[in-house]
Amino acid sequence: MTLNLYNTQTRRKEAFVPLTPNAVKMYCCGVTVYDLCHLGHARSYIVWDTVRRYLLWLGYEVRYVQNFTDIDDKILKRANEREMTMQEVSDRYIQEYFADIRPLNVLDADEYPRVTEHIPQIQQIIQDLIDKGYAYPVGGDVYYQVERLPDYGKLSGRKLEDMQAGASGRVNEGEIKKKHPFDFALWKAAKSGEPAWDSPWGKGRPGWHIECSAMVRSLFGDTIDIHSGGGDLVFPHHENEIAQSEAATGKPLARYWLHNGMVKIGGDKMSKSLSNFITIRNFLEHPYDPMVLRLFVLLAHYRKPLDFTEEAIASAENGWQTLQEGLHFGQRYGAKLGWKLSEMSVDSNGYKERFQESMDDDINTPGGLAVIFELAKELRKESNLLTHEGKTEIASEVLEIQWKTLVELAGVLGIEAQPEAATVEEIGEAEIAAIIEQRTAARNAKNFAEGDRLRDELKAKGIILVDKAGETTWHRG
RNA sequence: GGCGGCAUAGCCAAGUGGUAAGGCAGGGGUCUGCAAAAUCCUUAUCGUCGGUUCGAUUCCGACUGCCGCCUCCA
């Protein structure tokens with residue numbers, strides 16, 4: 001089986017072959033740290049984390065790097081508003097990033113390079129571009145000259161002459177300095193009061209796109225395997241990264257460009273500028289288990305738009321309950337069934353194969369989840385039988401393999417259940433037995449109202465009664 | 001204006017040239033005093049119109065609708 005990934009640059013699914021066998025160099029565009037992360041960020045990092053986990057599961061050695069953009073106009077603005085330094089703002093929101101993203105079971109990156117820590121490398125690549133004639137300094141700024149690169153626009157599939165400058169309605173002043181409207185800043189001259197670094201072109205700071213080019217080159221070398229990010233970064237950000245890096249090195253920047261679809265709310269893209277975003281924090285305050293969000297995201301294919309609705313979340317929440325019951329099976333019944341918890345990797349009924357088949361097809365997580373749900377539902381059923389009937393027809397070893405397969409495959413998607421908390425002993429077994437006895441008496445006397453009342457009384461204390469022929473058993477809900 | 005994407009059941013969502021996974025929600029039956037659990041059954045001609053084909057939801061074209069990007073953006 002071969003992993004196929006949809007490459008934005010070629011607009012096709014392509015067989016994934018890393019530059020170095022068994023090792024994957026993956027770079028993901030991170031956040032600009034001036035505010036809390038919203039559900040769009042959550043989707044993006046859950047998706048790329050899942051790709052990373054899948055590659056690991058396939059046996060690749062993955063080096064995953066994700067940057068923090070800690071120099072930016074919006075950070076400066078926020079710093080001024082709050083009378084903080086730029087670094088105080090970015091440090092704060094880097095902390096917040098981890099506080100929000102880690103609970104989603106997104107693995108930490110191997111490295112988190114920051115722009116402010118790569119100024120020399122950035123200046124070096126700018127100098128290289130000037131030396132090679134791809135960039136020009138003007139009055140303290142340095143611009144990339146897009147017309148010098150014949151294939152500028154190859155990632156996003158556009159031509160300079162087709163684009164409408166300023167179509168987004170956000171054109172800055174200072175346009176006159178540029179030779180072409182789509183030339184973009186590699187280095188920006190310092191304005192008074194802003195943090196600035198010395199450079200051959202005067203005091204200033206880096207432009208937005210150059211950081212990724214510089215950090216990729218510095219950490220990985222000329223070419224990486226996978227470069228990922230949100231679909232809204234295709235143009236101009238990634239297009240410009242390609243322009244910079246490939247002009248500077250003469251080598252392809254990335255072999256596979258992967259982009260996730262946007263999260264929508266009420267039909268529109270969730271974004272800062274539309275002020276229609278929900279932060280991860282707001283969402284989890286509901287409260288929802290973070291796994292609900294992870295499941296919601298993975299229930300859709302990563303490249304498609306994902307509409308955030310209450311109904312879809314409710315659906316994910318119920319689905320999570322199902323998965324959780326399957327995932328808890330081992331904890332609940334493993335010991336009782338005499339599992340030895342030995343290492344075994346027998347694939348039962350081709351579950352892993354079917355899972356892999358879906359995931360190999362451009363990370364088709366909905367297909368992978370179908371397999372996971374199948375396992376979880378079977379285990380939930382057996383769990384119910386054990387709880388209510390005290391027995392199951394399925395051999396213990398079979399259940400053990402199924403459960404391990406479930407845990408393994410769910411884990412590939414980063415879906416994990418917390419161990420069930422031991423229930424607080426609000427009520428002793430003797431007391432329960434006494435109430436059951438009272439209830440049995442009431443029921444024998446056809447006083448079902450009293451019987452139901454006693455059942456509800458216990459239910460309120462987390463005790464679920466099950467009437468079977470001749471006896472009533474109980475378990476903690 | 002340019003580039004790109006999407007349209008599948010009540011909702012979410014995969015997928016395939018030979019009559020469509022999965023999740024959520026719902027309906028009906030068996031069992032039960034009622035529940036719970038189990039179990040059986042049940043809910044789609046895949047946006048519209050053409051074309052190619054023995055046959056298309058799946059390929060091609062047109063149309064309609066929605067969305068994203070065109071120097072803030074995950």
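Sequence lines set the chain letters: A, B, ... in the order given, protein chains first and strands last, and positions in each chain run from 1.
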Practice task
For U32(B), give its Watson-Crick or G-U wobble partner with both distances under 3.5 Å, or none.
Solution key: none
Practice task
List for me each residue that meets ring pair (Phe, Tyr, Trp, His ring centres under 6.0 Å) alongside His259(A), sequence neighbours excluded, and say none if there are none.
Solution key: His238(A)
Completion exercise
Each nucleotide of nucleotides 32-38 of chain B classed B (base within 4.0 Å of a protein heavy atom), S (only sugar-phosphate) or -, in 5' to 3' order, makes -BBBBSS
Exercise for the section: Apply salt bridge (charged side-chain N to carboxylate O under 4.0 Å, His left out) to Lys77(A) and Asp72(A), showing your working. Expected result: CA-CA 9 Å; Lys77(A) 183 163 172 269; Asp72(A) 172 87; over 6 Å; no
Exercise for the section: For Asn364(A), answer base if it contacts any base atom (sugar-phosphate contacts may also be present), sugar-phosphate if it contacts only those atoms, and nothing otherwise; contact means non-hydrogen atoms under 4.0 Å. Expected result: sugar-phosphate
Exercise for the section: Any pair with a residue in residues 366-393 of chain A that passes salt bridge (charged side-chain N to carboxylate O under 4.0 Å, His left out), sequence neighbours left out, goes on the list, sorted by first then second residue, please. Expected result: Arg354(A)-Glu374(A)
Exercise for the section: Taking the six-membered ring for Trp and the single ring otherwise, decide whether the centroids of Trp48(A) and Tyr302(A) are under 6.0 Å apart. Expected result: yes
Pair up each side-chain donor or acceptor in residues 273-281 of chain A with any protein partner under 3.5 Å, not counting sequence neighbours, and list the distances.
{"unit_1": "Ser273(A)", "atom_1": "OG", "unit_2": "Ser271(A)", "atom_2": "OG", "d": "3.4"}
{"unit_1": "Asn276(A)", "atom_1": "OD1", "unit_2": "Ser271(A)", "atom_2": "N", "d": "2.9"}
{"unit_1": "Asn276(A)", "atom_1": "ND2", "unit_2": "Lys269(A)", "atom_2": "O", "d": "2.9"}
{"unit_1": "Thr279(A)", "atom_1": "OG1", "unit_2": "Asn282(A)", "atom_2": "N", "d": "3.0"}
{"unit_1": "Thr279(A)", "atom_1": "OG1", "unit_2": "Asn282(A)", "atom_2": "OD1", "d": "3.1"}
{"unit_1": "Arg281(A)", "atom_1": "NE", "unit_2": "Asp100(A)", "atom_2": "OD1", "d": "3.0"}
{"unit_1": "Arg281(A)", "atom_1": "NH1", "unit_2": "Glu96(A)", "atom_2": "OE1", "d": "2.9"}
{"unit_1": "Arg281(A)", "atom_1": "NH2", "unit_2": "Glu96(A)", "atom_2": "OE1", "d": "2.8"}
{"unit_1": "Arg281(A)", "atom_1": "NH2", "unit_2": "Asp100(A)", "atom_2": "OD1", "d": "2.9"}
{"unit_1": "Arg281(A)", "atom_1": "NH2", "unit_2": "Asp100(A)", "atom_2": "OD2", "d": "3.3"}

Handout entry: Arg11(A) side chain, from C-beta outward: closest of C3(B), G22(B), U71(B)
Key = C3(B)
Exercise for the section: Not counting sequence neighbours, list each pair that qualifies as a salt bridge (charged side-chain N to carboxylate O under 4.0 Å, His left out) and has a residue in residues 256-266 of chain A. Expected result: none
Problem - Partner set under ring pair (Phe, Tyr, Trp, His ring centres under 6.0 Å) for Tyr93(A), not counting sequence neighbours - result: none
Practice task
Scan Ser273(A) against the nucleic acid and name what it touches under 4.0 Å (heavy atoms): base, sugar-phosphate only, or nothing.
Solution key: base
Fill in the blank from the handout: Among C24(B), C69(B), C70(B), the one nearest any side-chain atom of Lys269(A) is C69(B)
Problem - Nucleic acid contacts of residues 286-294 of chain A, taken as heavy-atom distances under 4.0 Å to RNA chain B - result: none
Completion exercise
Taken in chain and number order and not counting sequence neighbours, the residues that satisfy salt bridge (Lys or Arg N to Asp or Glu O under 4.0 Å) with Lys191(A) are none
Practice task
May I ask you to say what Lys377(A) touches in the nucleic acid, namely base, sugar-phosphate or nothing, with a heavy-atom cut-off under 4.0 Å?
Solution key: sugar-phosphate
Exercise for the section: With sequence neighbours left out, write down each residue that passes ring pair (Phe, Tyr, Trp, His ring centres under 6.0 Å) with Tyr134(A), or none if nothing qualifies. Expected result: none
Exercise for the section: Any strand is fair game: report the nucleotide pairing with U64(B) by Watson-Crick or G-U wobble, both distances under 3.5 Å, or none. Expected result: A7(B)
Handout entry: Residues touching RNA chain B, which here means a heavy atom under 4.0 Å, drawn from residues 38-54 of chain A
Key = His38(A), Gly40(A), His41(A), Ser44(A), Tyr45(A)
Exercise for the section: Hunt down the Watson-Crick or G-U wobble partner of C46(B), both distances under 3.5 Å, from any strand shown, or write none. Expected result: none
Exercise for the section: Give Lys272(A) one of three labels, base, sugar-phosphate or nothing, depending on what nucleic acid heavy atoms sit under 4.0 Å from its own. Expected result: nothing
Exercise for the section: Using the C1' atom as the reference point in each nucleotide, state the distance between G22(B) and U64(B) in Å, no decimals. Expected result: 30 Å
Completion exercise
Pairing partner of C69(B), by Watson-Crick or G-U wobble and under 3.5 Å for both distances, is G2(B)
Exercise for the section: Just call it for Thr365(A): base, sugar-phosphate, or nothing, with non-hydrogen atoms closer than 4.0 Å on any strand. Expected result: nothing
Practice task
Ignoring hydrogens and angles, tell me if any N or O in the side chain of Glu239(A) forms a donor-acceptor pair with the backbone of Gly153(A) under 3.5 Å.
Solution key: yes
Handout entry: Aromatic Phe235(A) / basic Arg158(A) pairing, under 6.0 angstrom, 45° off normal
Key = yes
Problem - Contacts of type salt bridge (Lys or Arg N to Asp or Glu O under 4.0 Å), residue Glu311(A), not counting sequence neighbours - result: none
Practice task
Among C69(B), C73(B), A13(B), find the nucleotide with the atom closest to the side chain of Leu233(A).
Solution key: C73(B)
Completion exercise
Which of G1(B), A74(B), C24(B) is nearest the side chain of Asp232(A)? It is A74(B)
Completion exercise
When both distances are under 3.5 Å in a Watson-Crick or G-U wobble arrangement, the nucleotide paired with U57(B) is none
Fill in the blank from the handout: Out of G22(B), A14(B), A74(B), minimum distance to the side chain of Pro366(A) belongs to A14(B)
Tabulate atom names and distances for all N/O pairs under 3.5 angstrom spanning the protein and nucleotides 25-31 of chain B.
{"unit_1": "A25(B)", "atom_1": "OP1", "unit_2": "Asn318(A)", "atom_2": "ND2", "d": "3.1"}

